[in-house]
Amino acid sequence: MNLNAAAGLSGMLKSGHKHLSGPDATIVRNVEAARDLSRIVSTSLGPNGMNKLVVNHLEKIIVTSDCAAIVRELEIEHPAAKMLSMASDAQDKECGDGTNLTVSFAGELLGQTEDLLRMGLHAREI
């Protein structure tokens, strides 16, 4: 494998990679993780929502459109996405419904937050 030492870090990574550093990069990664979870469950929202086929770690197949069941069966490791999972569980325990709205709404709010961060607004101001 030939590495271009003059290219630095970008010479070692694949083309199309994103390298972020600093506190803003951490915030952007957290927002992306939460938005990814939101994208997974948002297509099952509403009367025309699609079912999801989830295969858990025991290789049990679950077909559902219930956000609480989808999030419960996913193995979420990222802290920000885990917080959305915990919010979904709390909503399910408190009301018994609205878990999909909770996760989808939080993902959209965080998406708007990312746009504000890219415009130069500080996280404290948001």
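Counting from 1, the numbers follow the sequence of the chain as shown. Quick caveat: nothing in here was measured; it's all calculated off a predicted structure.
No donor-acceptor pair under 3.5 Å is formed between the side chain of Q91 and the backbone N or O of G96.
Residues I40 and K52 approach most closely at O-CE, 2.9 Å, considering heavy atoms. Minimum heavy-atom separation, A81 to L37: O-CD2, 3.6 Å.
Using a 4.5 Å cut-off on side-chain heavy atoms (C-beta onward), K60 and E73 make no contact. Proximity of T99 to V103: side-chain heavy atoms (C-beta onward) are nowhere separated by under 4.5 Å. Annotation: side chain of L117 is in contact with side chain of I27 (closest heavy-atom distance under 4.5 Å).
Each of V41 and V63 belongs to its own hydrophobic cluster when Ile, Leu, Val, Met, Phe, Trp and Tyr are linked at side-chain heavy-atom distances under 4.5 angstrom.
Annotation for D115: atom CG counts as buried by contact number, over 12 foreign heavy atoms lying within 6.0 Å. Within 6.0 Å of atom CG in N56, more than 12 heavy atoms from other residues, nucleotides or ligands are found, so the atom counts as buried in its surroundings.
Between D36 and R39 a salt bridge is recorded (basic side-chain N to carboxylate O distance below 4.0 Å).
None of I70, I62, T64 except one satisfies the side-chain contact (heavy atoms from CB on, under 4.5 Å) rule with D66; the exception is T64. Evaluated for a side-chain hydrogen bond (donor to acceptor under 3.5 Å, both in side chains) with N100, the options S38, S44, S65, S88 yield exactly one hit, S44.
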